[in-house]
Amino acid sequence: MANRFLRPHLIHRFSTLSPVGPPSTVVPEILSFDQPKTDVDLDLSDQARLFVSVPISDLVRSTAVLHATAIGPMVDFGSWVMSSKLMDATITRDLVLRFVKGTFYDHFCAGEDAAAAARRVRSVYELRGLKGMLVYGVEHAEDGGECENNIKKFIETVEAAKTLPTSHLSSVVIKITAICPMSLLKRVSDLLRWQYKNPSFKLPWKLHSFPVFSGSSPLYHTISEPEPLTVVEEQELDKAHERIKSICIRCQESNVPLLIDAEDTILQPAIDYMAYWSAIMFNSDKSRPIVYNTIQAYLKDAGERLHLALRESEKMKVPIGFKLVRGAYMSSEVKLAASLGYKSPVHDTIQETHACYNECMGFLMEKASNGTGIAVILATHNTDSGKLGARKASELGIDKENGKIEFAQLYGMSDALSLGLKRAGFNVSKYMPYGPVETAVPYLIRRAYENRGMMSTGALDRQLMRMELKRRIMAR
């Protein structure tokens with residue numbers, strides 16, 4: 001699967017399942033804070049200062065790619081081509097991939113192998129002062145054989161990370177969907193949901209973890225009592241645990257943080273379960289966690305689940321890291337919930353998502369400032385959240401260099417925000433996927449849709465880059 005293109009029905013994933021209302025739970029209080037004064041700590045208006053370290057060749061390519069992705073019909077056509085039968089013909093496929101590699105791939109991805117990605121991380125840090133988050137860009141695996149191939153690639157990622165100065169690298173990122181078969185993750189998620197609804201339901205294979213559900217978590221995916229895992233499935237789950245252990249051990253030995261990416265809610269319970277089990281096993285250094293889990297703020301239960309997991313980690317005295325994002329699977333979440341007759345687990349409005357993100361951010365920053373074993377990566381392309389976080393860090397007196405708080409953006413996106421935060425003194429990283437061009441197709445399609453439209457995520461970058469190109473040309 002790693003080398004095959006994903007048709008639309010696979011990109012949007014599964015659609016099965018079920019109803020049942022969650023038990024009621026009191027929503028925990030999450031700290032909030034005032035909006036910052038405009039541009040107090042973060043100036044994104046001076047494009048010459050922001051992009052001073054960016055070569056003009058990079059500016060030209062970035063401007064062209066971001067303007068292309070802003071054209072809706074072009075994005076729709078490109079997505080159709082990449083998912084069509086045209087890709088089955090060798091000549092067409094090679095032509096398309098050659099074009100993609102020289103444009104969108106080079107803009108959003110770090111290279112075709114771990115060594116190339118490490119060189120790109122080094123270059124980005126030396127030119128711009130931005131750290132790298134290295135991730136082998138495989139999306140998912142269907143069987144144990146693919147999982148074994150993928151874990152080897154993730155281990156190569158850690159080995160490549162070890163060749164870099166610690167100042168250059170933020171972390172290594174993995175997807176549990178790439179090292180545990182998708183069908184098994186769905187089965188485990190179903191069983192965990194059923195146990196949450198029926199606490200007497202026994203799961204003999206279950207290891208110690210933090211809570212993965214709250215009273216508002218979506219449970220409609222599992223309509224009836226699932227069959228227990230078969231002997232073969234339990235053996236495959238044990239192998240998945242061993243794969244996670246193998247990469248955690250290497251990260252722990254190398255002192256390289258490991259970030260675990262999030263997925264759709266149909267799979268997320270199993271991913272959270274494995275992430276928190278890994279944190280309990282390997283976050284032994286009280287000053288800095290190795291394992292980070294991801295919280296998706298566009299989900300209505302995000303704040304509650306964050307609160308519950310953090311409370312349990314404090315109770316157990318286990319340091320924990322969180323990467324806070326908004327989320328990238330809105331379309332599939334909305335479609336699946338609607339097909340089952342349920343409301344979407346995603347916030348009803350973008351304003352509610354922004355509010356949830358900012359409240360979770362404030363809550364985590366408060367915790368991190370109190371000296372507890374918490375580290376936070378604030379992954380956002382939203383300039384208001386960036387300014388809010390910068391102001392809050394200043395108010396709390398958080399040491400910008402101690403690694404407790406870090407900002408992050410995707411490579412090829414929100415460069416103005418990244419460079420502005422860096423100029424303000426923060427640790428800032430770029431999420432830098434690598435791998436063969438064909439494996440990056442689903443990732444590139446998501447990036448194209450995020451930048452689609454003139455008022456999209458890339459609007460500020462497009463405007464500032466265009467201004468800087470004009471300034472440099474006029475100055476010659």
Participant: Is NZ or CZ of R447 both nearer than 6.0 Å to the six-membered ring centre of F108 and within 45° of the ring axis?
Facilitator: no

Participant: Will you find, in the side chains of E139 and T439, an N or O donor that is under 3.5 Å from an N or O acceptor?
Facilitator: no

Participant: Near K153 NZ, under 6.0 Å, is it more than 12 heavy atoms from other residues, nucleotides or ligands?
Facilitator: no

Participant: Determine, step by step, whether E406 and S170 satisfy the side chain to side chain donor-acceptor pair (under 3.5 Å) criterion, reporting the C-alpha distance in whole Å, the side-chain angles of both residues, the deciding distance to 0.1 Å, and the verdict.
Facilitator: CA-CA 9 Å; E406 180 178 318; S170 163; 2.5 Å; yes

Participant: Looking at CG of D399 and OG of S369, how far apart are the two atoms once the value is rounded to the nearest 0.5 Å?
Facilitator: 12.0 Å

Participant: For the residue pair F363 and H307, does the interplanar ring angle fall in the parallel (under 30°), tilted (30 to 60°) or perpendicular (over 60°) class?
Facilitator: parallel

Participant: Has R187 got a side-chain atom pairing as donor or acceptor with S183's backbone, closer than 3.5 angstrom?
Facilitator: no

Participant: Answer yes or no: is there a donor N or O on one side and an acceptor on the other, between the side chain of E352 and the main chain of V346, under 3.5 Å?
Facilitator: no

Participant: For the pair E148 and K152, find out whether any cationic side-chain nitrogen is under 4.0 Å from an anionic carboxylate oxygen.
Facilitator: no

Participant: Okay, side chain of S209, backbone of Y273: is any donor-acceptor separation there less than 3.5 Å?
Facilitator: yes

Participant: Are the side chain of Y105 and the backbone N or O of G111 linked by a donor-acceptor pair below 3.5 Å?
Facilitator: yes

Participant: Counting N and O atoms only, with roles assigned by atom type, does the side chain of Q409 sit under 3.5 Å from a partner on the main chain of S414, one being a donor and the other an acceptor?
Facilitator: no

Participant: Does a donor on one side chain and an acceptor on the other come within less than 3.5 Å for Y411 and R120?
Facilitator: yes

Participant: Is the shortest distance from a Lys or Arg side-chain nitrogen in K343 or D348 to a carboxylate oxygen in the other one below 4.0 Å?
Facilitator: yes

Participant: Would you call the rings of Y431 and Y443 parallel, tilted or perpendicular, where under 30° means parallel and over 60° means perpendicular?
Facilitator: parallel

Participant: Just by distance, with hydrogens left out, do S214 and E304 show a side-chain donor and acceptor under 3.5 Å apart?
Facilitator: yes

Participant: Do the side chain of E333 and the main chain of T265 share a donor and acceptor less than 3.5 angstrom apart?
Facilitator: yes

Participant: Checking side-chain polar atoms at under 3.5 Å, does Q195 have a donor or acceptor matched by the opposite partner on K202?
Facilitator: no

Participant: Both conditions, 6.0 Å and 45 degrees, for the charged tip of K400 above the ring of F426: are they met here?
Facilitator: yes

Participant: Pairing donors with acceptors under 3.5 angstrom, does anything connect the side chains of R305 and S216?
Facilitator: no

Participant: Given 3.5 Å as the limit, does a donor-acceptor pair link the side chain of K300 with the main chain of S344, or not?
Facilitator: yes

